[in-house]
Amino acid sequence: MVVDERGRAAAPVSRLTVASYALMGVGLVAWFLYGWLVQRQGLVNSIGETAGTGFAVLLMISIIGSVRRARG
């Protein structure tokens with residue numbers, strides 16, 4: 001059993017959440033390879049663009065989660 005910082009039992013992570021994060025990871029790797037190998041924009045630029053995209057997606061997930069948690 002996993003316990004959070006307040007001493008309560010933490011809810012297990014759903015399979016859909018794990019699959020969504022895995023799909024996002026595969027998508028980011030594909031985005032990196034597309035920028036690096038197809039567009040030939042350079043390794044550092046491709047890494048930066050992929051990192052920025054990843055952070056933007058995580059920010060959207062955080063905002064959506066906060067709104068959903070506040071509603072219910």
Side-chain angles (χ1 to χ4, degrees):
M1 178 169 68
V2 179
V3 179
D4 67 0
E5 66 274 355
R6 296 182 191 140
R8 299 180 302 184
V13 179
S14 70
R15 289 182 183 169
L16 179 62
T17 302
V18 173
S20 299
Y21 281 129
L23 184 63
M24 184 183 76
V26 169
L28 287 174
V29 169
W31 186 251
F32 165 74
L33 291 174
Y34 175 75
W36 185 37
L37 299 175
V38 175
Q39 292 183 337
R40 297 181 183 267
Q41 63 184 2
L43 180 68
V44 175
N45 287 337
S46 294
I47 291 172
E49 185 175 333
T50 302
T53 303
F55 286 131
V57 169
L58 288 175
L59 179 63
M60 288 188 306
I61 290 170
S62 176
I63 291 170
I64 291 168
S66 296
V67 169
R68 287 182 64 189
R69 191 167 295 156
R71 286 187 181 182

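In this chain, numbering begins with 1 at the start of the sequence shown.
Within the model, atoms CG of Leu37 and CZ of Phe32 stand 7.5 Å from one another, a figure rounded to the nearest 0.5 Å. Taken to the nearest 0.5 Å, the CG atom of Asn45 stands 15.0 Å off from the CZ atom of Arg40. Note that the CD1 atom of Ile64 and the CG atom of Leu59 stand 9.5 Å from one another [nearest 0.5 Å]. Taking CG of Leu33 as the start and CG of Leu28 as the end, the distance is 11.0 Å to the nearest 0.5 Å.
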task = Please step through side chain to side chain contact (heavy atoms under 4.5 Å, CB included) for the pair Thr50 and Trp36, ending with a clear verdict.
result = CA-CA 10 Å; Thr50 302; Trp36 185 37; over 6 Å; no

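Hydrophobic cluster membership differs between Met60 and Leu23, with clusters built from Ile, Leu, Val, Met, Phe, Trp and Tyr side chains linked at under 4.5 angstrom.
With hydrogens and angles ignored, the 3.5 Å screen pairs a side-chain donor or acceptor of Ser66 with a backbone N or O of Ser62.
By the 4.5 Å side-chain criterion applied to Ile, Leu, Val, Met, Phe, Trp and Tyr, Trp31 is assigned to no cluster and stands alone. Using a 4.5 Å cut-off between side-chain heavy atoms of Ile, Leu, Val, Met, Phe, Trp and Tyr, Val18 falls into a hydrophobic cluster with Val13. Cluster partners of Val38, by chain and number: Tyr34. The rule joins Ile, Leu, Val, Met, Phe, Trp and Tyr whenever side-chain heavy atoms lie under 4.5 Å apart.
Listed here is the closest heavy atom pair of Ser46 and Gly35: OG-C, 3.3 Å.
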